[in-house]
*Asks:* 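Could you have a look at this structure, given as structure tokens, before my questions?
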Amino acid sequence: MRTPRATVRLQFHADFPLDAALPLIPYFADLGISHVYSSPLLTSRPGSSHGYDTVDHGTLDPEAGGEVALRRLVAELRTHGMGLILDIVPNHMGVGGADNRVWLDVLEWGRESDDADVFDIDWAPPDAALAGKVLVPVLGAPYGEALKSGTVTLAYDAARGEFQARHYGHVFPICPRHYGLLLAGAADEALAGLGIDCSDLPAGREGKAAAIACKERLAMFVAENGPENLSPVLAAFDATDPEGCRRLHDLLERQNFRLAWWRTANDDLNWRRFFDITELAGVQVERQDVFERSHALLFRLYAEGIVDGFRVDHVDGISDPAGYCRRLRRRLEQLDARRPPEAPEGGYLVVEKILHRGEKLPESWPVDGTTGYDFAAACGGLFVDAAAEEPFTHLYQNFIHTHPDFNEMVRANKHLIMEISLAGELQVLATQLTRLAKGDRRTCDFTFNSLRGAL
């Protein structure tokens with residue numbers, strides 16, 4: 001493994017694509033920098049300025065220039081004997097909007113989706129109304145108000161060949177199992193006949209295959225006859241009309257998602273997110289199949305000598321950080337033999353882990369260190385005059401008219417965050433712990449409330 005001598009962090013996006021870095025490389029080389037440390041480059045949400053909201057693990061972001069531009073950058077780095085370290089985001093993906101096809105497939109098919117296990121979703125939460133559903137708290141107003149105001153609409157996307165509920169920039173695919181409900185009353189005889197064929201489909205794979213066939217037949221009809229034939233169907237679900245509102249609500253109640261006001265997220269969310277950011281959904285990277293799928297492109301770029309090392313974002317969000325690091329290290333070692341001989345020695349691996357004062361990186365993690373926040377914090381202390389602590393403390397205490405104990409205040413505010421911002425996450429953890437407890441005779445009398453309090 002080649003340890004970087006010094007790195008330069010470059011944040012790539014539409015306004016600073018990969019090609020924009022080409023003329024800078026000679027300057028960086030003259031400074032003695034050995035590696036460019038790149039922001040995440042997998043395809044993120046359009047317009048993203050940071051890249052941490054990945055929506056496609058299988059492609060490089062076209063707004064940054066894609067794989068062709070990346071190869072041009074690496075070729076320039078190689079002429080100066082430099083390498084590339086890539087920031088990767090295994091813990092979460094960007095959701096909402098209309099860009100993440102994996103997320104949209106889960107909304108469309110629920111547990112029947114081939115991607116149902118990609119995200120960390122509790123499909124059997126305590127709230128029976130959410131059983132088998134994904135809570136989608138993105139509405140700008142309470143559900144009933146949003147529906148009545150007409151901000152939730154039914155549409156047909158001819159490009160994707162599907163019915164969708166929409167709310168501003170968000171789309172929610174309607175499950176094809178319910179296309180019969182939409183089409184059965186159509187005035188057009190062909191559409192009405194298709195609606196009958198799409199009704200009363202059996203459960204299981206056979207029913208899903210039949211529903212997909214109905215979806216494909218509808219797409220062919222629209223392609224041949226034009227989408228305007230669906231206008232009467234869509235008009236019947238106009239929520240600004242009382243009867244249309246009832247129809248749209250009944251349709252939405254049958255879906256694999258439940259639309260909700262954004263304020264419900266902290267209490268009712270049944271899937272893991274990045275802190276309290278509902279636009280970033282947790283990925284079950286601890287599953288071998290999800291790990292391989294989400295890292296396939298990264299491993300190919302490493303094996304081809306395009307990327308020489310990785311910085312892992314938010315490693316503490318992963319279910320088993322140590323296990324993830326071991327698996328990643330093992331895969332890199334397996335790929336080392338496939339790297340071209342002209343590529344620099346690879347395998348440098350660091351994690352974003354913020355170490356508390358006195359905390360050490362676990363020796364069981366096969367990584368080369370952290371991103372260095374603890375070092376940055378120590379360096380920041382050089383700019384703080386310790387002699388000013390006492391007068392500033394008195395100034396603050398006189399201002400708030402109390403003398404709080406700092407450690408007690410930290411603990412109280414951590415509890416506040418758990419009870420408000422992370423209440424949903426606490427609920428999910430307590431539910432999982434209760435399920436474990438009920439399965440053992442020695443712990444089956446522990447109640448949900450007692451376990452939640454212990455957490």
*Asks:* Is it true that a side-chain atom of Ser294 and a backbone atom of Val290 form a donor plus acceptor pair closer than 3.5 Å?
*Replies:*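 Yes; at least one donor-acceptor contact below 3.5 Å.
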
*Asks:* Does Arg254 use its side chain to pair, donor to acceptor, with the backbone of Ile174 at less than 3.5 Å?
*Replies:* no

*Asks:* Side chain of Arg329, backbone of Pro366: donor and acceptor closer than 3.5 Å?
*Replies:*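 Yes, the answer is positive, given that a donor and an acceptor are paired below the 3.5 Å cut-off.
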
*Asks:* Between the main-chain N or O of Glu108 and the side-chain N or O of Asn256, is there a donor-acceptor pair closer than 3.5 Å?
*Replies:* yes

*Asks:* Is a side-chain donor or acceptor of His170 paired with a backbone partner of Gly97 at a separation under 3.5 angstrom?
*Replies:* yes

*Asks:* What's the shortest heavy-atom distance between Gln255 and Pro173, and which atoms?
*Replies:*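 Heavy-atom minimum between the residues: OE1-O, 4.3 Å.
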
*Asks:* Can a donor-acceptor pair be found, under 3.5 Å and without considering hydrogens, that links the side chain of Thr240 to the backbone of Gly150?
*Replies:*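 Here the side-chain-to-backbone pair does not exist.
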
*Asks:* Check the surroundings of atom CZ in Phe16: do more than 12 heavy atoms from other residues, nucleotides or ligands lie under 6.0 Å from it?
*Replies:*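 Correct, the count exceeds 12.
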
*Asks:* Hey, are the side chains of Asp87 and Asp313 touching, using non-hydrogen atoms and a 4.5 Å cut-off?
*Replies:* yes

*Asks:* Return yes if some donor-acceptor pair links the side-chain N/O of His167 with the main-chain N/O of Gly140 below 3.5 Å, else return no.
*Replies:* yes

*Asks:* Checking Arg435 against Gln432: is there a side-chain donor and acceptor pair closer than 3.5 Å?
*Replies:* no

*Asks:* Not counting sequence neighbours, which residues clear salt bridge (charged side-chain N to carboxylate O under 4.0 Å, His left out) with Arg78? List them please.
*Replies:*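 Once residues adjacent in sequence are excluded, the partners of Arg78 under the salt bridge (charged side-chain N to carboxylate O under 4.0 Å, His left out) criterion are Asp308.
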
*Asks:* Keeping the roles fixed (side chain from Thr7, backbone from Val36), state whether a donor-acceptor pair exists under 3.5 Å.
*Replies:* no

*Asks:* Just wondering, do Tyr52 and His314 contact through their side chains at under 4.5 Å, heavy atoms?
*Replies:*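 His314 vs Tyr52: side chains apart.
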
*Asks:* So with a 6.0 Å cut-off around CE of Met418, is the heavy-atom count from everything else above 12?
*Replies:* yes

*Asks:* State, with a plain yes or no, whether a side-chain heavy atom of Asp268 is found less than 4.5 Å away from one of Pro137.
*Replies:* no

*Asks:* Testing Arg338, Arg330, Arg331 one by one against Gln334 for a side-chain hydrogen bond (donor to acceptor under 3.5 Å, both in side chains), which residue passes?
*Replies:* Arg331

*Asks:* If we check side-chain hydrogen bond (donor to acceptor under 3.5 Å, both in side chains) with Thr43, which of these qualifies: Asp53, Thr59, Asp99?
*Replies:* Thr59

*Asks:* What ring pair (Phe, Tyr, Trp, His ring centres under 6.0 Å) pairs are there with at least one residue in residues 123-152, not counting sequence neighbours?
*Replies:* Tyr143-His249

*Asks:* Within 45 degrees of the axis of the six-membered ring of Phe119 and under 6.0 Å from its centre: does Arg272 put its NZ or CZ there?
*Replies:*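 So Arg272 doesn't make the cation-pi contact.
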
*Asks:* Among pairs that include at least one residue of residues 171-228, which meet ring pair (Phe, Tyr, Trp, His ring centres under 6.0 Å), considering only residues two or more places apart or in two chains?
*Replies:* Phe163-Tyr179, Phe172-Phe257

*Asks:* Without placing hydrogens or testing angles, list every side-chain donor-acceptor pair under 3.5 Å for residues 184-202, not counting sequence neighbours.
*Replies:*
residue : atom : partner : partner atom : Å
Asp188  : OD1  : Ala190  : N            : 2.9
Asp188  : OD1  : Leu191  : N            : 3.2
Asp197  : OD2  : Arg217  : NH1          : 3.4
Asp197  : OD2  : Arg217  : NH2          : 3.1
Ser199  : OG   : Gly195  : O            : 2.8

*Asks:* Determine the minimum heavy-atom distance between Thr447 and Ser450, stating which atoms define it.
*Replies:* O-OG, 2.8 Å

*Asks:* Once ring-ring contact (aromatic ring centres under 6.0 Å, His included) is applied, do any residues pair with His295, and if so which ones, sequence neighbours excluded?
*Replies:* Phe291, Phe299, Tyr324

*Asks:* Suppose the criterion is side chain to side chain donor-acceptor pair (under 3.5 Å): which pairs have a residue in residues 219-232, not counting sequence neighbours?
*Replies:*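 Found none.
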
*Asks:* Side chain of Thr54, backbone of Asp56: donor and acceptor closer than 3.5 Å?
*Replies:*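 Side chain of Thr54 to backbone of Asp56, a donor-acceptor pair under 3.5 Å: no, none is there.
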
*Asks:* Within the side chain of Asp117, is there an N or O that forms a donor-acceptor pair under 3.5 Å with the backbone of Gln284?
*Replies:* no

